[in-house]
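First the structure, in the form of structure tokens, and then the observations on it.
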Amino acid sequence: MNAADFTITQLKQAYQSGDLTPADALKSIAEAIDSKDGDIGGYLSYDLDLALADAEEVDLSLPLGGVPIAIKDLINAEGQPCGCASKMLTGKYKAPYDATVVRKLRRAGAIPFGRTNMDEFAMGSSNENSGIKICRNPYDPERIPGGSSGGSAAVVASNTAVAALGTDTGGSIRQPASHCGVVGLKPTYGRVSRYGLVAFASSLDQAGPMTKTVEDAALLLGAISGSCERDSTCLDLEVPDYTAALDKGVAGLKVGLPKEYFAEGLDPEVKALVEAGIKQLTDQGAEVVEVSLPNTEHAVATYYVIATAEASANLARFDGVRYGHRSNSADDLLSVYEKSRDEGLGSEVKRRIILGTYVLSSGYYDAYYLRAQKVRTLIRDDFNHAFKEVDVIASPVSPTPAFKIAEKLSDPLSMYLADIYTISANLAGICGVSVPCGAITEDGKDLPVGLQLLGKPLGEETILQAASTISDRA
Ligand code: GLN
């Protein structure tokens, strides 16, 4: 068995029994990447020598002692490339520092190993917007792995990584986790520091674990959570032992099913699998009630105003002067900006910058941005209201299983609309997890489907507790 086949827990056991050293594990993961990832495209790069040097100093008694973690290409890890799968930065920027999540991982003994593919600057739901190369779904190479953390999901699913970090601004951890049959958790906004994440939409972004089991997600979440003096939105609160929540069962837990999420547009086979997953909860004593999130119909529009507005500001720093690509054919200051951005950024990123600039511009600000902020409050109120009655909310993650590569490429709107079940959690700042609940067979291939469990702010223990009941890989 290759070390990349292991879960975090299994790898730690192999270290404890002396069957394996972190250096052995890293070498065999590199072999797995070399032999398997060429067909998948989950990694953009890895640096074995750097990781082996890290492994020399590692303390195996730590919670993640010697565990290699693959890192999404927008999270800074000192000495490693951080290209955001963009031509703007790839090959032109090496991280001079560790993001807080990477620093905390190292402190827990983990080794950041490998940079995972993604939609450029995390904008997308399919990985087709990667500016570097395509990433395929390990269950069916004709299909997308999801996005934007598609590489992180694909490397965990294809056993070329033990576990990975992703980021989620509107579903980018949960949706690819669902499409690739892995566990993906978006923490409550503020639970995990954003310092050192290349910002997409600062009021929505969170980093989180993508793992083979719920137990691994709990371990990884515990390691990356907690205060950070460099991110004022990061909560200075004690981090619980998330693994302690896993054996508690769900007897008496109240599960809300939002009626707006089980309506038109949901693939009947996805619905059946999600309902079967929910039945596992009720079989073990959970109680199900219907809840309503009446502003769901406005969520996609609200998100695509707020996220693009924030992106247009955040991406202004990529101007050909301070970071990344600078055009060779520019002959004055304005054309440095224009040509560098034109050459360095892909079409979806440009579309978002243009949309975001438009909704912030004078004359349109009130009609779009300000209104979207008000609707955001209504969406948050919907959840507050629902969580007065229930402990968790269960729903699909995505209306369909993974779609075919290029199927939606010419229709960005249909891609945006498929984010309907995930983006409200980011707008409300609550936590959510995708846990595998079965697979649909299409063209002779099994396509995984995830069940989403949403929790109250800082309700990570409760959603993990429920997820561990459902997951058959835990
Ligand atoms: N699919 C959404 C988008 O394209 C979410 C992306 C994300 O969470 N980073 O914006």
Side-chain angles (χ1 to χ4, degrees), residues 71-75 84-86 116-131 135 144-153 164-180 184-187 189 192 194 197-210 299-312 314-315 345-356 359 372 376 396-400 402-403 408-409 411-434 450 452 454:
I71 309 283
K72 186 177 181 179
D73 196 37
L74 59 63
I75 303 175
C84 303
S86 177
T116 58
N117 204 352
M118 54 184 279
D119 286 299
E120 184 178 9
F121 287 106
M123 296 174 188
S125 311
S126 68
N127 237 272
E128 293 163 293
N129 298 335
S130 170
C135 180
I144 56 106
S148 65
S149 311
S152 291
L165 284 191
T167 61
D168 191 312
T169 304
S172 280
I173 288 176
R174 291 160 288 157
Q175 185 257 23
S178 173
H179 287 339
C180 290
L185 188 146
K186 181 203 95 70
Y189 186 78
V192 173
R194 291 179 296 105
L197 272 50
V198 178
F200 164 10
S202 308
S203 76
L204 302 161
D205 299 340
Q206 275 287 290
M210 303 183 75
V300 172
T302 304
Y303 170 86
Y304 278 95
V305 171
I306 293 174
T308 57
E310 294 185 19
S312 73
N314 277 327
L315 271 67
L345 300 173
S347 56
E348 181 63 25
V349 174
K350 286 178 189 158
R351 178 161 32 238
R352 306 268 179 128
I353 292 173
I354 291 166
L355 275 170
V359 300
R376 181 178 190 173
V397 176
S398 182
T400 65
F403 49 86
K408 295 194 180 183
L409 217 49
D411 185 3
L413 192 57
S414 81
M415 190 109 74
Y416 296 173
L417 288 170
D419 292 338
I420 180 70
Y421 307 129
T422 52
I423 54 183
S424 294
N426 301 74
L427 290 167
I430 60 174
C431 58
V433 63
S434 172
Q452 176 170 244
L454 298 173

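Atoms within each ligand, like the ligands themselves, are counted from 1 in listed order.
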Under 4.0 Å from any heavy atom of [X], which atoms of ligand 1 are there?
X      : answer
Tyr304 : 1 (N), 2 (C), 3 (C), 4 (O), 10 (O)
Gly170 : 5 (C), 7 (C), 8 (O)
Ser148 : 9 (N)

Looking only at heavy atoms of Gly171, does any of them come nearer than 4.0 Å to an atom of ligand 1?
->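 Per 4.0 Å heavy-atom rule, Gly171 contacts ligand 1.
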For the pair Asp168 (side chain) and Gly171 (backbone), establish whether a donor and an acceptor sit closer than 3.5 Å, ignoring hydrogens and angles.
->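 A pair under 3.5 Å: yes.
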Ligand 1 N/O within reach of [X] N/O, cut-off under 3.5 Å:
X      : answer
Gly147 : no
Phe200 : no
Ala122 : yes
Thr169 : yes
Asp168 : no

Find the distance between OG (Ser202) and CD (Glu310) and round it off to the nearest 0.5 Å.
->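 Going from the OG atom of Ser202 to the CD atom of Glu310 covers 5.5 Å.
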Between Tyr416 and Tyr304, what is the ring plane arrangement, given parallel below 30°, perpendicular above 60°, and tilted in between?
->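 Tyr416 and Tyr304: parallel rings.
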Please work out whether any backbone atom (N, CA, C, O) or any side-chain heavy atom from C-beta onward of Arg352 is under 4.0 Å from ligand 1, and answer side chain, backbone, both or neither.
->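 It is the side chain that gets close, since no backbone atom is under 4.0 Å.
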Just heavy atoms, cut-off under 4.0 Å: does Tyr303 contact ligand 1 by side chain, backbone, both, or neither?
->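 It is the side chain that gets close, since no backbone atom is under 4.0 Å.
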What are the two closest non-hydrogen atoms of Ala199 and Asp205, and how far apart are they?
->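 So the two residues come closest at CA-OD2, 3.7 Å.
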Looking at His179 and Thr400, what are the two nearest heavy atoms and their distance?
->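 Distance-wise, the nearest heavy atoms are CE1-O, 3.3 Å.
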Which residues pass the side chain to side chain donor-acceptor pair (under 3.5 Å) test with Thr422, sequence neighbours left out?
->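 None.
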Among Val305, Leu417, Leu413, find the residue that satisfies the side chain to side chain contact (heavy atoms under 4.5 Å, CB included) test when tested with Val300.
->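 Output: one option passes, namely Leu417.
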Students should be able to answer this: which protein heavy-atom is nearest to [atom], and at what distance?
atom                   : value
atom 1 (N) of ligand 1 : Ser125 OG, 2.7 Å
atom 2 (C) of ligand 1 : Asp419 OD2, 3.2 Å
atom 6 (C) of ligand 1 : Ser172 OG, 2.8 Å

Knowing that exactly one of Ser424, Ser172, Ser398, Ser125 qualifies, which makes a side-chain hydrogen bond (donor to acceptor under 3.5 Å, both in side chains) with Asp419?
->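 The single option meeting the side-chain hydrogen bond (donor to acceptor under 3.5 Å, both in side chains) with Asp419 is Ser125.
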Would you say the side-chain atoms of Ser152 and Lys72 include a donor-acceptor pair closer than 3.5 Å?
->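 Absent: no donor and acceptor within the cut-off.
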